[in-house]
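Below: one structure, written as structure tokens.
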Amino acid sequence: MINIAVLGYGTIGSGVVEVIDTNGESIAERAGDEINVKYVLDLRDFPGSPVENKIVHDYDVILNDPDIKVVVEVMGGVEPAHTFVKNALLKGKSVATSNKALVAKHGAELLQVAKDNGANFLFEASVGGGIPIIRPLYSSFTADKILEITGILNGTTNYMLTKMANQGLEFDDVLKQAQDLGYAEKDPTADVGGFDACRKIAILTSLMCGKQVDFEDIYTEGITDISAVDFKYAKVINKSIKLFATTRQLETGSPQGSGIVSMVSPVLIGPEHPLFAVNDVFNAVFVKGNVLGDTMLYGSGAGKLPTASAVVSDVIDLIKHFKSNIKMGWSPDKLTLLDRKMIEHGYFVRVKGTIGERIEAVEKAFGKVIFIEAPGVEGEFAFITSNMPETDYDKRIADIPDVIKMIRIEEHGR
Ligand code: HSE
């Protein structure tokens, strides 16, 4: 029997206990041994719950118990999670976590500590909830050079954007719905500001490049500025607005130079894009390899049981690798990202006034554009530019007064 400890009996912690209970037999078969949750660390007591007699309030009980071979960290936040995880690894205990904040900040360090102490550190659930994406990155896409990872990595904002698109609702109304349904994290800023997606793409980019990508270096724009009017225009041009977290390898020889660019921002996409049909709380990650071509993984990016499923799959893998190191190829060397303004996009721009009044100035700045008017939208119009780097767009738009908003357009396969 393998004894494990679960740190945190919140939504995911209770999910982990439930998954082990529900699928105990098949899990034991795959792990090669039965898994027993010996301790659950939480500040609270849970009388009447299945873990009533397993609750401990002192982490040292877990740390000093040689019977505990695997620690599951599902508390969230950087501290004390970081200290707890590091101390477990220093004692040779392997760790599985769902904590993206911890992994984005300390992933490379904790992988090294694990290796130095004969343990492993896994974090499948930290990105894309139940979608397997971390393991494929270090064990399946290994024959390829990865050229692009683009994800819809935040369920809350995808739910909100889907509702805005389908029901014509305003941002504040859909945010309230998302909060009532329990999708938004405690502080909705992390979701709607794009910071949750930013940490997730930082983790994926670190694995893609094998170096440390600091989330603070990734340009991040959330969806707080997206309105019902934007969706009226989107409908006219048969596009959808999604929050994309994108990393691209710009290859040597490309006019933009060579290196990695990464950013999080709302984008307009058309039905030809593989991520167009990813709606509601679902997440998906599109990966392009230089020999493999396009692949996409889709599923539940959040929620108790999907996330717990990924955590428990890590526990099984940890048990299978007690005597060997799981190599992820994520070194602590920092990667300097290229200026994301080198990426080319088309730009959807809303401006005040009428097309008749402003056509000359717009065409003088941008050359040929596509003009759009949306039914029921007065006193403004929009236009779509050709593709250009954002540095170029910035120079040209400086000549156009009364710009209401710009949204980047992502074309698949460009
Ligand atoms: N708040 C996150 C989301 C939870 O909405 O996707 C999973 O990280």
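What's counted below: heavy atoms across the whole structure, side chains too, no hydrogens, waters or symmetry copies. Because the structure is a prediction, the values reported are computed rather than measured. Numbering of ligands and ligand atoms starts at 1, following listing order. Throughout, residue positions are numbered sequentially from 1 according to the sequence presented.
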Can you find an N or O of Lys100 that's nearer than 3.5 Å to an N or O of ligand 1? yes
Can you sort out which atoms of ligand 1 are near [X], meaning under 4.0 Å from one of its heavy atoms?
X: Ala302; answer: 4 (C), 7 (C)
X: Asn154; answer: 1 (N), 2 (C), 3 (C), 5 (O), 6 (O)
X: Gly155; answer: 3 (C), 5 (O), 6 (O)
X: Gly301; answer: 7 (C)

Of Val127, Thr156, Thr157, which has the heavy atom at the shortest distance from atom 5 (O) of ligand 1? Thr156
Show, in sequence, the C-alpha distance, side-chain angles and deciding distance for Lys105 and Asn99, and conclude whether the side chain to side chain donor-acceptor pair (under 3.5 Å) test is met. CA-CA 10 Å; Lys105 181 106 189 129; Asn99 187 337; over 6 Å; no
Check: Tyr39/Asp65 side-chain N/O donor and acceptor closer than 3.5 Å: yes
Applying side chain to side chain donor-acceptor pair (under 3.5 Å) as the test, list every pair that has at least one member in residues 17-34; sequence neighbours left out. Glu18-Lys304
Check this for me, if you would: do Glu411 and Lys239 make a salt bridge, where the nitrogen-to-carboxylate-oxygen distance has to be below 4.0 angstrom? no
Check this for me, if you would: do Lys288 and Asp144 make a salt bridge, where the nitrogen-to-carboxylate-oxygen distance has to be below 4.0 angstrom? no
Looking only at heavy atoms, is any part of Asp191 under 4.0 Å from ligand 1, and if so is it the side chain, the backbone, or both, or is it neither? side chain
Using a heavy-atom cut-off of under 4.0 Å, does the side chain or the backbone of Thr307 touch ligand 1, or both, or neither? neither
Output all residues satisfying side chain to side chain donor-acceptor pair (under 3.5 Å) with Lys91, sequence neighbours left out; order by chain, then residue number. Asn64
